[in-house]
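The structure presented is a predicted model; accordingly, all values stated were derived computationally and were not measured.
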Amino acid sequence: MSDTQTVITDQQRRISLIAILVVFMLGALDMTILSTATPAIVADLNGLALYSWVTTAYMLSSTVLVPIFGKLGDMYGRKRILVWGISIFLAGSVLCGLSGEFGNLPLLGDGMMQLIVFRAVKGIGGAALFTSAIGIVADLYPPMQRAKFMGLFGAVFALASLIGPTIGGLLTDHASATWFGHYVAGWRWVFYANLPLGLIALYMVANKMPTLNTHQGGKIDYLGAMLLLVVFIPFLLALTWGGNRYAWNSPELLGMFALSASAFIAFIRVESRTADAVMPLDLFKSRVFVFANLSSFVLGMAFMGAVMFMPLYMQVVLGVDATGSGFAMLPLMGGLMLTSILSGRLVSQSGRYKAYMVGGVVILLVGMYLLTGLDVDSTLTELNIAMAVVGLGLGPSQSLINLIVQSAFPIARIGVATSSTQFFRQVGNTVGVAIFGAVLISNLSTELPRQLPQMASSGAEFSMSQAQSNAMNPEAMRAGVRARFEAYTPLVEQAFAGERLAAAELVDNPLIAAELKAPLVDYLARKDATEVANAQRYLATYRAVLDDQVEAAVTTIERGTRTAFSNSITSMFTASLWICLLGLIITVFIPVIPIGTHEQTGNPDDRVV
């Protein structure tokens with residue numbers, strides 16, 4: 001191949017950068033806009049049991065395909081792959097919005113299964129979109145200028161994280177309408193909203209962006225790509241299902257882990273013998289690559305532990321509504337935007353990054369420690385302070401990891417190095433979601449019965465999603481509690497009429513007040529009794545205090561649910577704190593190399609300065 005590079009004008013660079021930022025905003029919004037819309041989606045499609053798969057399907061497909069698209073970008077040009085990625089992404093968006101509109105479909109099943117499949121299709125486009133966008137920045141700018149633009153990418157992601165949940169909530173609540181006699185639910189516009197921005201990005205990339213990296217030839221490592229899928233799909237599925245759908249020591253999960261391990265061994269053997277490997281093993285000869293990606297993986301886990309379940313804490317424990325929880329993320333995202341941009345600019349001026357990386361993780365540790373101190377009586381102000389500190393700590397790692405890795409490799413290998421880095425970050429995020437989700441469910445299975453012993457004794461099912469729904473719809477919960485109490489009225493009347501089976505059932509029910517049980521216990525103890533003493537007085541009292549009993553039960557359920565979720569989520573923050581500490585240790589060992597002071601034409605440069 002020729003080493004001749006396309007001459008790019010300053011105007012082309014500016015237009016290309018704007019196009020890439022639009023593309024990045026498109027992908028970042030998709031990762032955040034669903035957070036407030038998902039409850040309405042699963043309710044409409046009757047898919048509560050598959051709630052988490054709306055996110056998991058996207059993350060699985062996008063994660064395992066990131067290095068594949070990075071290699072394709074090196075081979076055929078990143079602009080071409082980006083155009084295909086945007087096209088697939090937009091097609092997936094349309095299909096997601098149409099999920100369930102035509103009833104059950106052959107092979108695809110009902111609306112919820114259709115949505116999961118189409119989210120996976122969308123994830124394929126997302127993998128190409130993110131990998132190509134970051135790689136193109138390396139084609140456009142030298143390392144010293146690239147640093148400040150990487151900060152812009154972190155800021156775009158933070159902005160999307162800020163406005164995404166709010167937009168999702170507003171569309172879900174207010175965009176429902178009837179078009180040409182057909183009702184369109186508001187949540188469908190969460191997917192259709194991608195189209196205007198996506199079409200603008202597609203036009204700018206296809207028509208305004210110059211051809212950047214030249215065609216490098218080579219071939220696709222199909223076997224390596226297949227093995228990579230077999231490595232991570234069973235592994236991530238096992239982490240997602242562990243402790244939830246299957247026990248950790250179940251044959252199903254053990255088989256998944258065994259399959260993943262076997263595929264990993266085979267993948268190492270294949271990649272070590274393949275010239276055009278999808279993830280070249282010689283990348284790991286670079287200490288920069290190894291430690292930077294370890295840091296990215298671990299901090300990605302901690303990031304998801306801190307952020308993924310934060311809306312759950314706000315909605316259930318603090319009583320903030322879904323749209324309001326989006327606004328409440330402002331301190332975290334504001335802090336992330338500030339340090340992401342600031343660290344990028346400082347590194348672009350000095351060429352030194354180690355202090356900003358380590359300092360960021362130290363600040364992140366402080367923020368996570370503050371989060372561990374939250375409880376059921378904490379205020380939104382206390383949470384905002386902790387979130388702001390977490391955001392300040394997350395910023396540097398969000399913007400600098402890609403820059404560090406790209407600076408360690410020649411320009412011809414930036415695509416595969418960048419995609420591999422993005423791959424490890426997304427694997428960390430996905431593993432974080434799986435692990436912390438399993439931890440949350442495990443904690444709730446203990447905390448909910450502990451905080452609500454009456455419901456545990458009555459055999460009521462404890463459900464995280466149901467608890468969240470109750471918190472978002474207190475009137476619906478109150479109506480449900482009243483209906484349950486009123487359902488006991490015929491049984492109470494039968495019991496006080498002298499029916500012993502009814503009386504025994506009420507005595508065994510933990511939801512029935514003790515003062516109502518007392519005469520029934522006395523009646524059951526007297527084998528020769530034919531009626532309950534003062535039955536009419538107790539019945540009148542029961543009817544008179546029914547409203548009070550309902551309110552007392554609602555208060556108990558609310559307080560117990562909030563306490564259970566608070567304790568469970570705080571335990572997750574504690575686990576995330578230890579993960580951050582591990583991330584700090586790894587970050588300290590990232591080698592220091594020159595940024596922008598050498599041509600990227602040789603082998604990975606691990607020179608310590």
Side-chain angles (χ1 to χ4, degrees), residues 20 22-35 37-38 40-42 44-45 47 50-66 68-70 72-73 80-102 105-133 157 160 164 167-168 171-172 175 184-206 225 229 232-233 236 419 422-423 426 429-430 433:
I20 293 304
V22 173
V23 168
F24 204 79
M25 172 63 82
L26 175 69
L29 269 177
D30 185 73
M31 298 172 63
T32 60
I33 198 171
L34 277 179
S35 60
T38 304
I41 293 173
V42 298
D44 196 20
L45 299 181
L50 298 172
Y51 186 100
S52 63
W53 277 95
V54 177
T55 299
T56 302
Y58 180 94
M59 296 186 73
L60 278 174
S61 61
S62 62
T63 297
V64 296
L65 291 175
V66 159
I68 297 172
F69 281 117
L72 289 172
R80 179 182 300 179
I81 299 304
L82 182 57
V83 168
W84 277 103
I86 297 173
S87 302
I88 295 172
F89 187 89
L90 294 180
S93 295
V94 173
L95 291 173
C96 287
L98 292 174
S99 297
E101 286 279 36
F102 305 102
L105 297 177
L107 298 179
L108 295 177
D110 61 16
M112 192 64 186
M113 287 303 302
Q114 294 170 33
L115 177 62
I116 291 170
V117 172
F118 297 148
R119 284 285 290 167
V121 171
K122 196 172 182 179
I124 295 172
L129 186 151
F130 278 112
T131 302
S132 301
F157 181 81
I167 294 174
L171 289 174
T172 301
V184 179
W187 64 262
R188 297 186 185 277
W189 292 102
V190 171
F191 300 108
Y192 299 149
N194 286 326
L195 297 180
L197 189 63
L199 291 174
I200 292 172
L202 184 61
Y203 171 79
M204 294 181 69
V205 171
L229 293 173
F232 282 100
I233 288 181
L236 295 175
S419 64
Q422 185 69 15
F423 171 76
Q426 289 187 212
N429 290 344
T430 308
V433 170

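The two atoms that bring Ala193 and Leu171 nearest to each other are CB-CD1, 4.1 Å, heavy atoms only. The two atoms that bring Ser61 and Gly123 nearest to each other are OG-CA, 3.3 Å, heavy atoms only. Nearest heavy atom pair, residue Cys96 against residue Phe191, reads CB-CD2, 3.5 Å. Listed here is the closest heavy atom pair of Ala127 and Ser62: CB-O, 3.3 Å. In terms of heavy-atom proximity, Leu82 sits nearest to Ala128 at CD1-O, 4.5 Å. Gly111 and Ser99 make their closest contact through O-CB, 3.7 Å (heavy atoms, listed as atom of the first residue, atom of the second, distance).
The structure places CG of Leu129 at 8.5 Å from CD1 of Ile20, a figure rounded to the nearest 0.5 Å. Put simply, CG on Leu115 and CH2 on Trp187 are 6.0 Å apart, with the number rounded to the nearest 0.5 Å. To the nearest 0.5 Å, the span separating NZ on Lys122 from CD1 on Ile88 amounts to 13.5 Å. Note that CD of Gln114 and CG of Leu95 are 9.5 Å apart. Values are rounded to the nearest 0.5 Å. One distance of note links CG of Leu202 with CG of Leu195; it measures 11.5 Å at 0.5 Å rounding. Atom CG of Leu98 is separated from atom OH of Tyr192 by 4.0 Å, given to the nearest 0.5 angstrom.
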Worksheet item: How far apart are the C-alpha atoms of Phe102 and Leu108, what are their side-chain angles, what is the distance that settles it, and do they pass the side chain to side chain contact (heavy atoms under 4.5 Å, CB included) test?
Response: CA-CA 11 Å; Phe102 305 102; Leu108 295 177; over 6 Å; no
Worksheet item: Could you walk me through whether Ile200 and Leu26 pass the side chain to side chain contact (heavy atoms under 4.5 Å, CB included) check?
Response: CA-CA 10 Å; Ile200 292 172; Leu26 175 69; over 6 Å; no
Practice prompt. Please lay out, stage by stage, how Val190 and Leu34 fare under the test side chain to side chain contact (heavy atoms under 4.5 Å, CB included).
Written response: CA-CA 7 Å; Val190 171; Leu34 277 179; 3.9 Å; yes
Discussion item. Does Ile124 form a side chain to side chain contact (heavy atoms under 4.5 Å, CB included) with Phe69? I'd like the steps, not just the answer.
Written reply: CA-CA 9 Å; Ile124 295 172; Phe69 281 117; 3.9 Å; yes
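No side-chain donor-acceptor contact under 3.5 Å links Arg119 to the backbone of Gly92.
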